[in-house]
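Written below as structure tokens is the structure these notes are about.
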There are 2 protein chains.
Amino acid sequence: MEAKEILKQHIAKTATLTDEQFDYFFSHFKPQSYKKGQVIITEGQKVDHEYFVVSGCLKAFFINDEVKMYILQFAMPTWWTSDYGALYNQTRATINVDCISDSEVLCLSNQDREKICSELHQAEHFFRWRTNKGYLASQKRLLSFMNNDTRARYEELLALYPQLYNLVPKHLIAAYLGVSRETLSRLYNSHK
Amino acid sequence: MEAKEILKQHIAKTATLTDEQFDYFFSHFKPQSYKKGQVIITEGQKVDHEYFVVSGCLKAFFINDEVKMYILQFAMPTWWTSDYGALYNQTRATINVDCISDSEVLCLSNQDREKICSELHQAEHFFRWRTNKGYLASQKRLLSFMNNDTRARYEELLALYPQLYNLVPKHLIAAYLGVSRETLSRLYNSHK
DNA sequence: CTGCGATTGTGATCTACATCACGTAACAGC
DNA sequence: GCTGTTACGTGATGTAGATCACAATCGCAG
């Protein structure tokens, strides 16, 4: 299935657009291919776009002063990602986005999103729901962080994304869980 | 300043409504007063409304199996709160909301929100931005959780809400930071 | 004023996880 | 096919914060 159709079905779940409206909506997106390891957003740079993942897998991550990495999100197909703080507030990026595997994405500029949101009520509706879903996921993860220990969070993650275990190196999973790679290693080797 | 005016100025920051449109928008809200300690949302119950805080202070919190409390949000004036997961998905509440001090709120039902969002494009626009702000705040807190130690998070919290230190009991601040009240106590008594 | 629950401080132990250190295996580029 | 880089396992040790235990104080209801 091609990118346009994937996006169309994704949108259709929450918003009602005629074919013409969707074509117009879609005309604001720019398809793009990236290779494994390629960087899409770099800390300190301007951020102009958000990205809808068609295939592959991206990661959005933060690097702290001690050069430790924390992964905010693994962006799988039909997920959206960007440095939304920088994008919405027109400030420099504080987080990075790059490719875990070869990926195809659809890019949408901040300006175009606001334009289609004001032109198409249903587009605004879609983006409200998408953001809402992200908000709920973030809340849930925060709670999990406070409430569960590392092992429980590890099992939660694998239940949510079974593919991830084989797709991404373990130290990235550790960086998502917020533990050291050593602890993660001990954790799943003592599995029961 | 009365409730209506506070909401009006709050909305005006992100959406453009005529006076008539705002009057219509406002007509869906129901003012409500609560006493300190009163419960607004209880785990396991249905959730029909979200709440805009006019005065006072609410807290949204989760209780785990070991009866430990984790505070998701202190809701101060002009903040919104609810169990959004339960509200949007029409499921039973998993979190609780109650009053830290006497409070006045404006209630909006899930149904009415969706109604005015579909009737007024600008209302949809407002709620998209509000949710977006919440999403960004949640992301930021998640990062802070992974990156900073307790002391740094404590100082971050006090910088963000200086009033909180005197307004709420310390064990609630501990429950927000995700540490034991003992640790928090030692922390600020060894303050430098 | 009085008494009792809620709030807070502080010491003693225990534990999950970080950090450091080192070794092996897999893999990519030349 | 080599060779360096990245991924991964595992031991030893250190530490932040949990947990338990108890004492002191505050604040409100009667």
Side-chain angles (χ1 to χ4, degrees), chain A residues 35-39 57 59 61-71 74 96 98-102 143-158 163-192, chain B residues 35-39 57 59 61-71 74 98-102 143-158 164-192:
Chain A
K35 288 285 170 196
K36 176 176 175 174
Q38 242 186 300
V39 173
C57 182
K59 67 174 194 281
F61 59 103
F62 173 75
I63 305 284
N64 76 358
D65 301 338
E66 292 99 49
V67 203
K68 269 182 67 171
M69 175 177 68
Y70 296 102
I71 294 182
F74 290 113
N96 307 272
D98 68 16
C99 298
I100 292 178
S101 58
D102 292 358
L143 255 184
S144 176
F145 238 92
M146 297 200 278
N147 190 23
N148 301 131
D149 63 8
T150 302
R151 152 153 271 140
R153 291 210 312 286
Y154 167 66
E155 274 155 13
E156 197 174 64
L157 177 64
L158 284 199
Q163 332 90 314
L164 223 58
Y165 187 85
N166 296 313
L167 182 63
V168 315
K170 308 276 175 287
H171 74 268
L172 293 186
I173 295 185
Y176 181 91
L177 295 174
V179 293
S180 68
R181 52 163 209 87
E182 291 96 329
T183 296
L184 182 65
S185 170
R186 287 184 241 270
L187 211 59
Y188 61 71
N189 285 320
S190 73
H191 211 90
K192 251 181 303 180
Chain B
K35 288 285 169 196
K36 175 177 174 174
Q38 242 187 299
V39 174
C57 183
K59 66 175 194 283
F61 59 103
F62 174 76
I63 305 284
N64 76 358
D65 301 337
E66 293 100 46
V67 203
K68 268 180 69 170
M69 176 178 66
Y70 296 101
I71 294 183
F74 290 114
D98 69 13
C99 297
I100 292 178
S101 58
D102 292 358
L143 255 184
S144 176
F145 238 92
M146 297 201 278
N147 189 24
N148 301 132
D149 63 8
T150 302
R151 150 153 272 141
R153 291 210 311 286
Y154 167 66
E155 275 155 12
E156 198 173 64
L157 178 64
L158 285 200
L164 223 57
Y165 187 84
N166 296 312
L167 183 61
V168 315
K170 308 275 176 288
H171 74 267
L172 293 186
I173 295 185
Y176 181 91
L177 295 174
V179 294
S180 68
R181 51 164 209 85
E182 292 96 327
T183 297
L184 181 65
S185 169
R186 287 185 243 271
L187 211 60
Y188 60 72
N189 285 321
S190 72
H191 208 90
K192 254 181 302 184

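Just so it is clear: chains get the letters A, B, ... in the order the sequence lines come, proteins before strands, and each one is counted from 1.
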Can you list everything that forms a side-chain hydrogen bond (donor to acceptor under 3.5 Å, both in side chains) with [X]? Sequence neighbours excluded, please.
{"X": "A:Gln163", "value": "none"}
{"X": "A:Gln38", "value": "none"}
{"X": "A:Asn147", "value": "B:Asn64"}
{"X": "A:Asp102", "value": "none"}

Handout entry: Side-chain heavy-atom pair B:Glu155, B:Leu158 within 4.5 angstrom cut-off
Key =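 Answer no - side chains too far apart.
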Pull out every protein N or O sitting under 3.5 Å from an N or O of nucleotides 27-30 of chain D, one pair per line with the distance.
none

Taking distance alone, no hydrogens or angles, what donor-acceptor pairs closer than 3.5 Å link side-chain atoms of residues 175-185 of chain B to residues at least two apart or in another chain?
residue, atom, partner, partner atom, Å
B:Ser180, OG, B:Thr183, N, 3.2
B:Ser180, OG, B:Thr183, OG1, 3.0
B:Ser185, OG, B:Asn189, ND2, 3.4

Exercise for the section: Could you list the residues that satisfy side chain to side chain contact (heavy atoms under 4.5 Å, CB included) with A:Asp98, not counting sequence neighbours? Expected result: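 A:Asp98: side chain to side chain contact (heavy atoms under 4.5 Å, CB included) contacts with A:Val39, A:Lys59, A:Phe61.
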Handout entry: side chain to side chain contact (heavy atoms under 4.5 Å, CB included) partners for B:Asp149, two or more places apart
Key =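 Partners of B:Asp149 by the side chain to side chain contact (heavy atoms under 4.5 Å, CB included) criterion, ordered by chain and then number, come out as B:Arg151, B:Ala152.
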Exercise for the section: State, to 0.1 Å, how close B:Cys57 and B:Ser101 come at their nearest heavy-atom pair, and which atoms those are. Expected result: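 The answer is N-OG, 3.2 Å.
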Handout entry: Which atom of A:Ile71 lies closest to which atom of A:Leu172, heavy atoms considered
Key =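 A:Ile71 and A:Leu172 have their closest heavy atoms at CD1-O, 3.3 Å.
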Exercise for the section: Check every nucleotide of DNA chain C for an atom under 4.0 Å from a heavy-atom of chain A, then give the first and the last such nucleotide from 5' to 3'. Expected result: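 Nucleotide range with atoms under 4.0 Å of chain A: C:dC17 to C:dA21.
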Fill in the blank from the handout: Writing each nucleotide of DNA chain C 5' to 3' as (, ), [, ], | or . by Watson-Crick or G-U pairing under 3.5 Å yields ||||||||||||||||||||||||||||||
Fill in the blank from the handout: Once base and sugar-phosphate atoms are separated, protein heavy atoms under 4.0 Å mark nucleotides 9-20 of chain D, 5' to 3', with B, S and - as BBBB----SSBB
Practice task
Starting at CE of A:Met146, measure out to NZ of B:Lys68 and round the result to the nearest 0.5 Å.
Solution key: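 Between atom CE of A:Met146 and atom NZ of B:Lys68 there are 10.5 Å.
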Exercise for the section: Check whether more than 12 heavy atoms from other residues, nucleotides or ligands sit under 6.0 Å from atom NZ of B:Lys170, and answer yes or no. Expected result: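 Result for NZ/B:Lys170: enclosed.
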